[in-house]
S.K.: 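The structure's right below; bear with me while I get my questions together.
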Amino acid sequence: MSDAKTEILEKVRRAIGPRLVDRVADYRAIARGYRQSGSLDPAARLDLLEERLHGYGAGVHRASRADLPAAIERVAAGRGKSRLLIPEGLPSEWLPDSLEFVRAEAAGVDALDQAEGALTGCAAAIAMTGSIVLRHSAAEGRRALTLVPDYHLCIVFADRVVETVPEALRLMHAAGVGLLTTIAGPSATADIEMTRIQGVHGPRTLDAILVVSS
């Protein structure tokens with residue numbers, strides 16, 4: 001490291017060092033009058049999540065755990081998909097025999113880009129914001145798997161759906177430190193003239209299957 005850079009960093013450390021303890025105390029003293037827990041029953045939470053995801057342009061489908069393979073088959077066929085990438089830890093009992101699945105943790109960017117789509121699980125979903133939360137566990141795959149392919153089919157279990165953002169953050173905190181990605185519908189952006197373009201920084205098409213019973 002250059003002498004100039006070292007000197008600058010030392011000045012920064014001297015400037016903020018004495019304030020570090022105070023900053024922790026200041027953070028703890030912030031008033032938190034916002035809602036930190038939900039009031040909806042499980043059925044209403046699922047209805048709200050479905051409504052918000054539909055509002056973002058995502059496809060939403062419901063299935064029981066026993067019907068999950070058939071639901072995946074129906075949803076994929078409806079999108080014209082026959083071959084999907086999956087993370088290494090996705091449970092094999094989810095997978096229908098009629099589709100081809102490729103374990104894709106070692107796939108390069110070109111292979112991800114040329115794929116028909118990806119199938120993953122998720123860590124949680126937030127009904128109020130219509131957001132799906134990924135921790136990139138073995139059943140969710142690395143971040144590129146859910147950002148590069150043009151299509152994402154995500155499995156959301158009802159017991160992982162919470163109503164508010166604070167509830168989701170507490171749930172994620174309890175699971176330990178890790179990278180989080182939140183998804184609210186297909187990837188989209190708009191230029192200065194408000195022309196909406198999908199697929200700029202992620203999949204253009206998102207489907208979610210809500211697993212609502214055993």
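In this text the structure is predicted, and so the values were computed from the model without any measurement.
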S.K.: Heavy-atom distance under 4.5 Å between the side chains of His152 and Thr120, does that happen here?
M.R.: yes
S.K.: Quick one, Arg160 and Cys122 - any side-chain contact, counting heavy atoms below 4.5 Å?
M.R.: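 They are not in contact (no side-chain heavy atoms under 4.5 Å apart), so the answer is no.
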S.K.: Is there a path of hydrophobic side-chain contacts, each under 4.5 Å between heavy atoms, that joins Leu90 and Val102?
M.R.: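 No; Val102 is not reachable from Leu90 via cluster members.
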S.K.: Is there a continuous path of hydrophobic side-chain contacts, each under 4.5 Å between heavy atoms, that joins Ile209 to Leu84?
M.R.: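 Yes, Ile209 connects to Leu84 through the hydrophobic network.
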S.K.: Test Arg143 against Thr181 for side chain to side chain donor-acceptor pair (under 3.5 Å), laying out the working first.
M.R.: CA-CA 8 Å; Arg143 200 162 188 257; Thr181 299; 2.8 Å; yes
S.K.: Does any part of the side chain of Glu105, heavy atoms only, come nearer than 4.5 Å to the side chain of Leu145, both counted from C-beta?
M.R.: yes
S.K.: I need the minimum non-hydrogen distance between Ile126 and Val133, along with the two atoms involved.
M.R.: CD1-CG2, 4.1 Å
S.K.: Over all heavy atoms of both residues, which pair between Pro203 and Tyr151 is shortest? Give the atoms and the distance, please.
M.R.: CB-N, 4.1 Å
S.K.: Would a 4.5 Å heavy-atom cut-off, applied to side chains only, mark Gln36 and Arg170 as touching?
M.R.: yes
S.K.: Quick one: are Pro96 and Phe101 in side-chain contact, heavy atoms under 4.5 Å?
M.R.: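 Heavy-atom side-chain distance check passes, below 4.5 Å.
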S.K.: Would you check if the side chain of Arg62 reaches a backbone N or O of Leu210 as a donor-acceptor pair within less than 3.5 Å?
M.R.: no
S.K.: Hey, what do you get for CZ (Arg45) to OG1 (Thr164), rounding to the nearest 0.5 Å?
M.R.: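 Going from the CZ atom of Arg45 to the OG1 atom of Thr164 covers 10.0 Å.
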S.K.: Please check if the side chain of Asp67 supplies one atom and the backbone of Ala70 the other of a donor-acceptor pair under 3.5 Å.
M.R.: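 Absent.
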S.K.: Looking at CE of Met128 and CZ of Arg35, how far apart are the two atoms once the value is rounded to the nearest 0.5 Å?
M.R.: 3.5 Å
S.K.: Just by distance, do the side chain of Arg65 and the backbone of Phe157 share a donor-acceptor pair under 3.5 Å?
M.R.: no
S.K.: Using only atom types and a distance under 3.5 Å, with no angle test, would you say the side chain of Glu167 pairs donor to acceptor with the backbone of Gly38?
M.R.: yes
S.K.: Keeping the roles fixed (side chain from Glu163, backbone from Leu40), state whether a donor-acceptor pair exists under 3.5 Å.
M.R.: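 Yes.
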S.K.: Are Leu48 and Val156 joined in one hydrophobic group, where the rule is that I, L, V, M, F, W and Y side chains link up if heavy atoms are under 4.5 Å apart?
M.R.: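 Unlinked, Leu48 and Val156 end up in two clusters.
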S.K.: Would you call Val60 and Leu49 a side-chain contact if the rule is heavy atoms closer than 4.5 Å?
M.R.: no
S.K.: Taking CG in Asp41 as the centre, count heavy atoms belonging to other residues, nucleotides or ligands within less than 6.0 Å. Is the count above 12?
M.R.: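 Counting other residues, nucleotides and ligands, CG of Asp41 exceeds 12 neighbours.
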S.K.: Answer yes or no: does atom CZ of Arg32 have more than 12 heavy-atom neighbours from other residues, nucleotides or ligands under 6.0 Å?
M.R.: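 Yes.
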S.K.: Hey, does Val211 have a side-chain heavy atom less than 4.5 Å from the side chain of Asp159?
M.R.: no
S.K.: Same cluster or not: are Leu169 and Ile132 linked, directly or through other Ile, Leu, Val, Met, Phe, Trp or Tyr residues, by side-chain heavy atoms under 4.5 angstrom apart?
M.R.: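 Different clusters: Leu169 never reaches Ile132 through Ile, Leu, Val, Met, Phe, Trp or Tyr contacts under 4.5 Å.
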S.K.: Give the minimum heavy-atom separation between Pro69 and Ala66, together with the two atoms involved.
M.R.: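 Smallest heavy-atom distance, with atoms named: CD-O, 3.8 Å.
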S.K.: Please round to the nearest 0.5 Å and tell me the distance separating atom CD1 of Ile155 and atom CG of Asp207.
M.R.: 9.5 Å
S.K.: Taking Arg103 for its side chain and Leu85 for its backbone only, find out whether a donor-acceptor pair lies under 3.5 Å.
M.R.: no
S.K.: Taking all non-hydrogen atoms of both residues, which atom of Ala71 and which atom of Ala63 are closest, and how far apart?
M.R.: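 Heavy-atom minimum between the residues: CB-CB, 3.6 Å.
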S.K.: How about Lys81 and Leu99: do any of their side-chain heavy atoms sit closer than 4.5 Å?
M.R.: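 Side-chain contact under 4.5 Å: no.
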S.K.: Would you confirm whether Arg135, through its side chain, and Glu140, through its main-chain N or O, come within 3.5 Å as a donor-acceptor pair?
M.R.: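 Judged by distance alone, no pair lies under 3.5 Å.
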S.K.: CG/Leu53 to OG1/Thr129 distance, rounded to the nearest 0.5 angstrom?
M.R.: 9.0 Å
S.K.: What are the two closest non-hydrogen atoms of Tyr56 and Gly185, and how far apart are they?
M.R.: CB-CA, 3.7 Å
S.K.: For the atom pair CD1 (Ile72) and CG (Leu153), what is the distance rounded to the nearest 0.5 Å?
M.R.: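 Going from CD1 on Ile72 over to CG on Leu153, the span is 6.0 Å.
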S.K.: State yes or no: do Leu180 and Leu147 share one hydrophobic cluster built from I, L, V, M, F, W and Y residues joined by side-chain heavy-atom distances below 4.5 Å, directly or via other members?
M.R.: no
S.K.: What pair of heavy atoms forms the shortest contact from Ala139 to Pro91, and how long is it?
M.R.: CB-CD, 4.5 Å
